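So that the names make sense, note that chain A is the first sequence line, chain B the second, and so on, each numbered from 1. This one's a predicted model, so the numbers in the text were calculated from it and none came from an experiment.
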Amino acid sequence: MPIPRPDLQGDRVIAHVDMDCFYVQVEQRKQPKLRGLPTAVVQYNDWKGGALIAVSYEARKFGVKRSMRGAEAEMVCPNIQLVQVPVARGKADLNAYRSAGSEVVSILSTKGRCERASIDEVYLDLTDAAESMLLETPPEALEDIDEEALKSHVLGLSGDEDREKNVQRWFIRSDAIHQDKLLACGAIIVAHLRGEVLKETEFTCSAGIAHNKMLAKLASGMHKPAQQTIVPSSAVKDLLASLPVKKMKQLGGKLGSSLQNDLGVNTVGDLLKFSEEKLQERYGFNTGTWLWNIARGISGDEVKGRVLPKSHGCGKTFPGPRALKTAAAVESWLNQLCEELSERIQLDMDQNKRVAHTLTLHARAFKSSDVEPHKKFPSKSCPLRYGINKIQEDAKKLFDTGLREFLGSHSNAWRVTSLAISAGKILDTPRTSSISRFFQGKSLSSAISDASNDDIQDDAPSSSIGCKENIVPESDNDEEVFAHGKYVKEDDAPSKDRKIDVLCTQSRKQKDKGNGSILKFFSGTNTSTKHASNAPSSWSESHKGQDQRDHQEECLVDGHSRLGKISNQQRDDSWNFNAEDIDPSVIDELPQEIQREVRGWICSSKRAKTTKRGSSIFHYFSTDDNA
DNA sequence: ACGGATCGAACA
DNA sequence: TTGTTCGAT
Ligand SMILES: Nc1ccn([C@H]2C[C@H](O)[C@@H](COP(=O)(O)OP(=O)(O)OP(=O)(O)O)O2)c(=O)n1
Ligand SMILES: [Mg+2]
Ligand SMILES: [Mg+2]
């Protein structure tokens with residue numbers, strides 16, 4: 001029913017709100033005497049005074065920077081107040097900051113769709129609220145406008161003399177274009193929200209108001225602290241023309257470096273010189289169009305309605321001499337991490353009625369024997385069973401299987417330099433459904449405990465059928481949920497029904513994302529053939545050289561290739577197609593029940609693909625090679 | 001190999 | 001679907 005706006009002109013009102021030196025503010029609220037003083041938050045004081053992770057604006061004036069050592073900071077700012085991150089179970093404990101972030105979100109999520117983008121920032125879609133305001137109480141007289149709103153920075157305004165006056169005039173211009181009027185309303189709403197945040201939490205924040213997320217994010221950082229910035233469409237061109245590529249979100253890493261070094265692109269505006277095809281050729285289909293769009297200030301990325309994190313993780317590093325070298329030491333630290341994780345997912349369940357379904361372990365290690373102590377410790381996951389002891393038990397198993405794989409057959413001396421676990425696949429538990437009745441009279445918490453207590457066989461975690469039936473909610477949508485499952489291998493080929501099932505599930509999920517550009521086509525069997533890849537050479541150094549397939553040894557299975565030009569062949573024996581490359585007449589030859597799915601996918605894919613980075617993948621597990 | 005602890009997303 | 005890599009805060 002809800003059809004996404006075309007949005008090609010950018011008529012949404014999007015805000016990005018980012019807290020000012022957030023951890024510092026949290027600590028200053030705890031210790032008000034620190035307010036106004038140059039302050040920084042450090043974690044782990046023992047080595048060189050710890051590392052700074054947040055710096056107050058007073059301290060920034062002295063040149064104090066994040067990632068400085070405490071001792072360094074004291075050199076440039078002798079009066080700096082260093083506050084340590086709380087420590088619990090031998091590791092940094094960020095719960096106070098998470099909790100403070102939640103306070104803020106609960107206020108900012110009241111006027112429109114809200115997306116938690118990090119511990120201290122959110123995106124807001126204020127389109128509806130702004131349109132309502134424009135209809136009902138349009139800003140006409142200065143007296144009616146929030147004073148804070150009138151202090152906004154408006155990009156592109158003539159500038160020099162009397163900024164204040166110009167902004168005031170901008171807000172009440174009756175001859176402004178509709179877009180600008182909407183932004184003005186958005187800015188008034190944001191000013192109000194920021195006032196509410198200050199009143200309720202004592203925290204200041206800064207914000208950007210624009211027609212999409214990318215520009216709003218850019219704007220929020222332009223004037224800090226405790227200010228807000230508006231980006232009218234008319235200001236976009238000049239803004240991007242002088243913006244160094246590295247300042248743009250997503251271009252701060254290797255991609256941005258490649259743009260500079262390989263294309264000579266120094267500002268985002270420099271990208272305008274390149275055709276979409278040229279960018280696609282070098283950086284891939286999706287990234288290419290994404291780059292082409294952002295050069296023009298276009299981004300259709302929508303504000304997801306999600307105010308809670310999608311995963312909980314905790315970890316600790318053991319650098320240099322602190323590296324763990326015994327199983328007992330690893331076990332001990334794992335236990336600490338598991339305690340914290342258990343606490344946090346339990347809190348999530350109690351507060352939000354959500355249940356996590358997957359436990360994942362990451363580690364880094366090296367062999368003390370080799371001169372080149374390279375590290376590649378495989379991550380492992382399994383179904384998550386609630387309860388500290390269960391989690392500890394499973395985490396240790398995951399580590400052990402990872403370690404055996406890491407060591408190969410020779411058992412060498414090893415060192416572990418980091419351990420991390422995380423809880424993912426977190427799902428809402430619907431209030432009303434048969435599953436709730438099953439748990440009648442019990443708290444969700446005790447029901448989950450019982451489910452894991454009726455001792456599941458002590459086998460290695462592999463399947464979650466029991467878990468799924470006991471915990472996973474009955475579907476409100478008719479989409480099957482897999483709590484945890486292992487990748488389907490060729491020699492373990494699923495039945496035909498099963499394959500179709502996967503197909504439908506995946507396609508619905510992807511369609512909901514409202515964006516897609518790639519059809520992923522599994523042959524299901526046949527691992528020996530290598531196929532042509534006309535995928536662009538990768539810009540990322542790490543991808544280079546791992547691309548083992550550049551020539552065509554064999555034709556594609558009949559019917560598959562005729563779907564359209566192959567965009568990329570994957571290591572998992574599937575082929576990817578771009579939506580516009582698919583020959584519509586060939587779709588008719590596909591199995592009936594699949595045709596509808598493919599057509600629906602192509603439709604949504606073509607609609608949204610140009611405005612958002614990334615791809616949706618259409619999984620088709622064919623039953624045989626000649627499907 | 002002292003820039004740690006977390007998160008989300010694309011990719012293979 | 002799992003596991004890896006990238007980028008971010
Ligand atoms: N590399 C980083 C970056 C940030 N943070 C934490 C501490 C910050 O307080 C918080 C928010 O990050 P920001 O990038 O928003 O920075 P600040 O809020 O501290 O400052 P600003 O006022 O510039 O937003 O996240 C962190 O632990 N490690
Ligand atoms: Mg911030
Ligand atoms: Mg931030």
Do the side-chain N and O atoms of E27(A) and Y97(A) include a donor-acceptor pair separated by under 3.5 angstrom?
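E27(A) vs Y97(A): donor-acceptor pair found between side chains.
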
Could you check whether S299(A) and N293(A), counting side-chain N and O atoms only, form a donor-acceptor pair closer than 3.5 Å?
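Their side chains do not contain a donor-acceptor pair, so the 3.5 Å distance test is not met.
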
Can you find a side chain N or O atom of [X] that sits less than 4.0 Å from OP1 or OP2 on [N]?
X	N	result
R98(A)	dT6(B)	yes
R66(A)	dG4(B)	no
Y44(A)	dA5(B)	yes
S422(A)	dC7(B)	no
K254(A)	dC6(C)	yes
T417(A)	dA1(B)	no
S379(A)	dT2(C)	no
K249(A)	dG8(B)	no

Looking for any heavy atom pair under 4.0 Å, which part of the strands does [X] touch: base, sugar-phosphate only, or nothing?
X	value
F22(A)	nothing
S67(A)	nothing
I119(A)	nothing
G315(A)	sugar-phosphate
L251(A)	sugar-phosphate

Does NZ or CZ of K224(A) lie under 6.0 Å from the centre of the six-membered ring of F22(A), at an angle within 45° of the ring axis?
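Geometry flag: not set, cation outside 6.0 Å or 45°.
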
On the six-membered ring of Y123(A), is K304(A) placed so that its NZ or CZ lies under 6.0 angstrom from the centre and within 45° of the ring axis?
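No, cation not above the ring by the 6.0 Å, 45° rule.
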
Do R306(A) side-chain atoms and R116(A) backbone N/O form a donor-acceptor pair below 3.5 Å?
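A pair under 3.5 Å: yes.
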
Nearest to the H362(A) side chain among dT4(C), dG4(B), dT9(C), which nucleotide is it?
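Selected nucleotide (nearest to the side chain): dT4(C).
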
Any donor-acceptor pair, under 3.5 Å, between the side chain of Q43(A) and the base of dG4(B), if you only look at N and O atoms?
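Flag set: donor-acceptor pair detected.
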
Using the P atom on both, measure dA9(B) against dT1(C) and round to a whole Å.
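The same atom, P, in both gives a distance of 16 Å.
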
When rounded to the nearest Å, what value does the distance between P atoms of dA1(B) and dT5(C) take?
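So the two P atoms sit 15 Å from each other.
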
